[in-house]
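See below for the structure under consideration.
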Amino acid sequence: GYLLIATYMYGYKDSEAVLERPEALGRRALALYPNLQLAHLVMGVVSFFRFHREPYLVELDQALQLNPNHGFHVASIAFQLCMAGEWERGLKLMEKAMRLNPHHPGAYHVVPFMNHYRLGEYDLALNEALRLNTSGFFWDPLIRAAALGQLGRQAAAKKAVDELLALVTDFGRRGRRLIRRVAYLDEHVDVLVEGLSKAVLELVG
């Protein structure tokens with residue numbers, strides 16, 4: 001279920017219908033083992049992508065209570081809390097996830113990036129973006145392009161935009177939808193789109 005969700009998050013699947021199978025698998029897992037942390041996390045993420053705020057917060061709390069020291073799951077929960085605007089709690093959890101695994105995946109840095117970026121701290125945001133170091137994940141060039149655009153570094157921003165379009169060739173058409181799947185709140189989407197616009201990447205819609 002978690003792997004199927006990733007196909008939607010990363011833009012390989014465009015229809016929300018893809019979430020039906022992970023939801024069914026999550027429910028089946030919970031019927032077999034009600035205290036399975038990953039099953040609660042799957043149910044929470046499904047609700048997250050459907051923008052059903054209360055159900056996903058309930059599931060994330062349950063998942064966290066079951067094992068508050070599973071680094072990857074704590075990071076996933078922290079990410080979703082922050083994107084929903086629960087910044088204080090989410091940032092503390094992400095810091096904990098990084099302590100639990102000092103060699104954590106670069107994707108963890110999307111959270112501190114977004115925090116600095118939304119506050120207008122674009123130099124700090126770019127430092128975090130450079131630590132993502134996940135070339136096959138379109139959010140890597142996306143957040144670099146947005147920060148560089150805000151900083152007025154046009155040549156570097158254009159290079160990041162080219163990397164982004166190489167990964168998602170139709171990003172100009174469906175980029176806003178892809179951003180919203182992760183950034184969640186309109187205010188997060190809007191500031192990222194603003195940065196991309198300054199990097200000379202206009203999104204339709």
Side-chain angles (χ1 to χ4, degrees), residues 5-16 18-19 45 48-51 53 56 75-76 78-88 90-91 94 98 104-205:
I5 288 169
T7 66
Y8 182 74
M9 177 180 179
Y10 298 147
Y12 297 114
K13 302 288 186 179
D14 231 13
S15 173
E16 197 176 287
V18 74
L19 300 175
V45 175
F48 177 85
F49 285 125
R50 287 177 172 160
F51 298 94
R53 180 185 176 91
Y56 98 69
S76 181
F79 177 86
Q80 291 167 64
L81 287 172
C82 287
M83 294 306 104
E86 302 281 341
W87 282 100
E88 183 176 357
L91 286 169
M94 185 55 79
M98 290 179 174
H104 53 266
Y108 287 19
H109 290 279
V110 172
V111 166
F113 161 84
M114 278 299 300
N115 186 48
H116 289 305
Y117 186 89
R118 73 187 180 94
L119 296 174
E121 301 167 350
Y122 301 124
D123 283 314
L124 294 174
L126 180 59
N127 288 339
E128 294 294 340
L130 293 172
R131 299 177 74 181
L132 190 60
N133 195 29
T134 311
S135 58
F137 181 28
F138 71 87
W139 269 76
D140 185 325
L142 188 162
I143 61 177
R144 280 188 282 117
L148 289 163
Q150 295 285 13
L151 290 167
R153 294 172 56 181
Q154 291 302 315
K158 173 63 165 56
K159 182 179 178 181
V161 166
D162 289 345
E163 291 177 38
L164 172 58
L165 293 176
L167 291 171
V168 186
T169 56
D170 60 348
F171 194 84
R173 177 177 61 82
R174 62 191 185 108
R176 184 179 285 270
R177 294 200 307 276
L178 293 178
I179 292 171
R180 189 166 189 261
R181 288 179 192 175
V182 175
Y184 197 79
L185 295 179
D186 287 340
E187 62 197 65
H188 296 158
V189 177
D190 290 344
V191 292
L192 286 170
V193 170
E194 177 186 275
L196 291 175
S197 177
K198 292 179 180 180
V200 198
L201 175 57
E202 298 294 337
L203 305 184
V204 177

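Just so it is clear, the values below take in all heavy atoms, side chains as well, and ignore hydrogens, waters and symmetry mates.
Within the 4.5 Å cutoff, the side chain of Leu165 has no heavy atoms near those of the Phe138 side chain. Looking at Leu132 and Val110, their side chains come closer than 4.5 Å, going by heavy atoms from C-beta outward. The side-chain heavy atoms of Leu164 and Asp162, taken from C-beta on, include no pair separated by under 4.5 Å. The shortest distance between side-chain heavy atoms of Glu128 and His116 falls below 4.5 Å. When side chains are defined from C-beta on, Met83 does not count as touching Leu185, because their heavy atoms never get closer than 4.5 Å.
Across all non-hydrogen atoms, the minimal contact from Trp139 to Ile179 is CZ2-O, 3.7 Å. Here the shortest heavy-atom pairing between Leu192 and Ala183 reads CD1-CB, 4.2 Å. Heavy atoms only, all atoms of each residue included: Pro112 and Met98 are closest at CG-CE, 4.3 Å. Contact between Ala145 and Ala199 at its shortest, heavy atoms only, is O-CB, 3.6 Å.
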(request) Dump the intermediate steps for side-chain hydrogen bond (donor to acceptor under 3.5 Å, both in side chains) on Gln150 and Tyr117, then the final yes or no. (result) CA-CA 9 Å; Gln150 295 285 13; Tyr117 186 89; 3.1 Å; yes
(request) Could you give me the CA-CA distance, side-chain angles and deciding distance for Phe137 and Leu167, then say whether side-chain contact (heavy atoms from CB on, under 4.5 Å) is met? (result) CA-CA 8 Å; Phe137 181 28; Leu167 291 171; over 6 Å; no
(message) Determine whether Glu16 and Phe49 satisfy the following criterion, side-chain contact (heavy atoms from CB on, under 4.5 Å), listing intermediate values before the conclusion.
(response) CA-CA 8 Å; Glu16 197 176 287; Phe49 285 125; over 6 Å; no
(message) If you apply the rule side-chain contact (heavy atoms from CB on, under 4.5 Å), what do you find for Val182 with Phe79, and how did you get there?
(response) CA-CA 9 Å; Val182 175; Phe79 177 86; 3.0 Å; yes
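Evaluation of the side-chain hydrogen bond (donor to acceptor under 3.5 Å, both in side chains) rule for Asp170 yields Arg173, Arg174 as partners, not counting sequence neighbours.
Enclosure of atom NZ in Lys13 is not indicated, since only 12 or fewer non-hydrogen atoms of other residues, nucleotides or ligands lie within 6.0 angstrom.
Evaluation of the salt bridge (charged side-chain N to carboxylate O under 4.0 Å, His left out) test over residues 132-155, restricted to residues two or more places apart or in two chains, returns Asp140-Arg144, Arg144-Glu163. Identified under the ring pair (Phe, Tyr, Trp, His ring centres under 6.0 Å) test for residues 183-203, with sequence neighbours left out: Phe48-Tyr184, Phe51-Tyr184, Tyr56-Tyr184, Trp87-His188.
In this structure, the side chain of Arg131 does not engage the main chain of Gly106 through any donor-acceptor pair within 3.5 Å. Between the side chain of Thr7 and the backbone N or O of Ile5 there is no donor-acceptor pair closer than 3.5 Å.
By the 30° and 60° cut-offs, the orientation of the rings of Tyr108 relative to His104 is parallel.
Under the side chain to side chain contact (heavy atoms under 4.5 Å, CB included) rule, Leu148 has a single partner from Ile143, Leu126, Leu196, which is Leu126.
The structure places CG of Asn127 at 11.0 Å from NE2 of His109, a figure rounded to the nearest 0.5 Å. Atoms CG and CZ, on Leu203 and Arg177 in that order, are 11.0 Å from each other to the nearest 0.5 Å. Considering CG of Asn115 and SG of Cys82, their distance stands at 7.0 Å, rounded to 0.5 Å.
A cation-pi arrangement is found for Arg181 relative to Tyr8, the charged atom lying closer than 6.0 Å to the ring centre and inside a 45° cone about the ring normal.
Residues Glu86 and Gln80 have side chains that never bring a donor and an acceptor to within less than 3.5 angstrom of each other.
Using a 4.0 Å cut-off between charged nitrogen and carboxylate oxygen, Asp186 and Arg176 do not count as a salt-bridge pair.
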